[in-house]
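Atoms within a ligand are numbered from 1 in the order they appear, just like the ligands themselves. Position 1 is the first residue of the sequence; numbering continues from there.
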Amino acid sequence: EGEVYKYYADGEWKLSSSGKSVSIVNPTTRKTQYKVQACTQEEVNKVMETAKVAQKSWAKTPLWKRAELLHKAAAILKEHKAPIAEALVKEIAKPAKDAVTEVVRSGDLISYCAEEGVRLLGQGAFLVSDSFPGNERTKYCLTSKIPLGVVLAIPPFNYPVNLAVSKIGPALIAGNSLVLKPPTQGAVACLHMVHCFQLAGFPKGLISCITGKGSEIGDFLTMHPGVNCISFTGGDTGIAISKKAGMIPLQMELGGKDACIVLEDADLDLVAANIIKGGFSYSGQRCTAVKVILVIESVADSLVEKVKAKVAKLTVGPPEDDCDITPVVSESSANFIEGLVMDAKQKGATFCQEYKREGNLIWPLLLDHVRPDMRIAWEEPFGPVLPVIRIGSVEEGIHHCNASNFGLQGCVFTKDINKAMLISDAMETGTVQINSAPARGPDHFPFQGIKDSGIGSQGITNSINMMTKVKSTVINLP
Ligand code: G3H
């Protein structure tokens with residue numbers, strides 16, 4: 001039961017010597033859809049070794065040639081969008097249309113990395129010594145950016161392809177090699193994507209994709225001495241990784257509890273449309289989803305009515321039918337979401353719709369009159385459940401937002417740009433969107449979280465910079 005996939009190492013597709021596999025359960029049917037190799041620590045060692053060797057010659061490959069290969073991979077990826085999108089539908093229940101969009105966006109991201117890389121890395125700096133007190137003009141400093149070595153990329157289940165290439169593209173253009181550890185759900189989509197890099201003709205060993213159980217190879221990979229940089233997107237695991245990792249650059253994007261602050265003068269139709277898009281697309285399984293609405297009391301009734309009307313129009317069902325709301329990724333995720341809903345019920349939240357669940361499918365739910373003593377006020381459901389907290393003042397909203405242990409993004413709706421700017425300054429998050437829902441894209445924008453939401457900044461330019469090191473040569477004149 002379930003088609004078996006090999007892992008990719010040293011330019012070849014291989015079966016693990018463990019003889020074991022990991023099952024990927026389709027969230028919709030709740031049956032095994034695919035199986036991937038349960039790789040061993042020995043296989044991880046081999047992958048690290050080949051990645052190290054391949055990187056050395058890749059770093060010497062001219063930048064324009066590296067860019068050319070990335071453009072080729074981008075084109076091939078777009079040509080292969082159908083099988084990749086199908087895997088996304090079956091593994092993570094992403095609505096069919098969104099699955100295709102993810103692949104196309106990923107192709108664009110790779111091309112953009114190639115273009116940005118040739119510009120950014122084609123330049124260095126030239127400094128002279130006599131600007132610093134006490135120095136004559138006897139030292140010339142030349143700088144350039146050099147690769148870090150082997151980059152370990154760990155993307156999450158919700159954008160397995162896009163958040164893999166957002167690490168692969170910058171790493172490769174900058175002259176690094178890359179080891180990809182895909183999430184179990186999303187692994188087959190990643191393997192199909194890696195196949196596109198193989199078809200583009202990247203040297204063997206430069207990119208590999210190792211699958212397996214986190215419990216067996218997770219720590220082994222992240223603590224491996226051969227890893228020179230980790231780029232991780234996901235949940236709490238990221239906190240554990242950053243505590244255990246060695247002295248290497250880390251890029252972490254973890255959870256969020258993105259707040260949507262709504263002022264009295266806001267365009268409520270615009271707000272409602274953004275709450276639907278921000279809160280319910282991919283059934284709320286986005287780190288940047290709107291996860292709490294903080295609305296000024298005087299406009300709360302009217303906003304809740306508008307959102308309710310739009311929630312009623314959301315289609316609920318299988319991803320193959322392109323429904324808006326599809327089953328959440330796993331039964332344990334559905335159980336966790338249900339736990340938050342039951343807690344809110346017990347503590348007296350107002351249910352704008354009836355709570356309904358079938359298997360992993362949870363109907364969209366808006367919870368009004370949520371109070372800070374409810375878990376849903378603080379925790380991320382990663383599902384189609386959205387709390388509304390009514391606030392008496394903007395300060396109260398900012399206070400709630402800043403009391404969170406997360407600080408990814410937030411948004412504010414008002415027609416007063418001065419107020420919006422002041423609120424943006426006051427919100428302790430990596431990004432604040434004015435009059436739109438939080439979002440990572442466009443993919444060249446900086447993307448970062450503070451507090452438990454992450455380390456470092458992503459976005460194409462920042463990721464390329466982060467995956468390089470400055471190297472200086474100083475010419476000393478007599
Ligand atoms: O889940 C986390 C993603 O980085 C969010 O990306 O804003 O494009 O949905 P998105």
If I apply the N/O under 3.5 Å rule, does Ala439 come out as touching ligand 1?
no
Are Lys94 and Tyr282 in a cation-pi contact, defined as NZ or CZ under 6.0 Å from the six-membered ring centre and within 45° of the axis?
yes
Regarding Ser177 and Gln55, is there a side-chain donor-to-acceptor distance under 3.5 Å anywhere?
no
Going by the atom numbers of ligand 1, which of them fall below 4.0 Å from some non-hydrogen atom of Cys287?
1 (O), 2 (C), 3 (C), 4 (O), 5 (C)
Test: Arg105 cationic atom under 6.0 Å from Tyr159 six-membered ring centre, within 45° of axis:
yes
Quick check on the 6.0 Å ring-centre criterion: do His192 and Tyr5 meet it?
yes
Which of the ligand 1 atoms, numbered from 1, are nearer than 4.0 Å to a heavy atom of Thr288:
5 (C), 6 (O), 7 (O), 9 (O), 10 (P)
Just checking, any donor-acceptor pair under 3.5 angstrom between side chains of Ser463 and Gln251?
yes
Could you tell me whether ligand 1 has any atom less than 4.0 Å away from a heavy atom of Glu253?
yes
Under a 4.0 angstrom heavy-atom cut-off, which atoms of ligand 1 come close to Asn158?
1 (O), 2 (C)
Any side-chain heavy atom of Lys78 sitting closer than 4.5 Å to one from Ile84?
no
Is there a polar contact between ligand 1 and Gln285, counting only N or O atoms under 3.5 Å apart?
no
Measure Arg105 to ligand 1 on non-hydrogen atoms and call it side chain, backbone, both or neither using the 4.0 Å cut-off.
side chain
Those atoms of ligand 1 less than 4.0 Å from some heavy atom in Arg286
1 (O), 7 (O), 9 (O), 10 (P)
Answer with yes or no whether the side chains of Thr468 and Lys145 bring together a donor and an acceptor at under 3.5 Å.
no
Output yes when Glu3 and Lys35 qualify as a salt bridge under the 4.0 Å nitrogen-oxygen rule, no when they do not.
no
Nearest neighbour in protein (non-hydrogen) for atom 4 (O) of ligand 1:
Arg440 NE, 2.8 Å
Give a yes/no on ligand 1: does Phe447 have at least one heavy atom closer than 4.0 angstrom to it?
yes
Determine, considering heavy atoms only, which of Tyr159, Phe157, Phe382 sits nearest to atom 10 (P) of ligand 1.
Tyr159
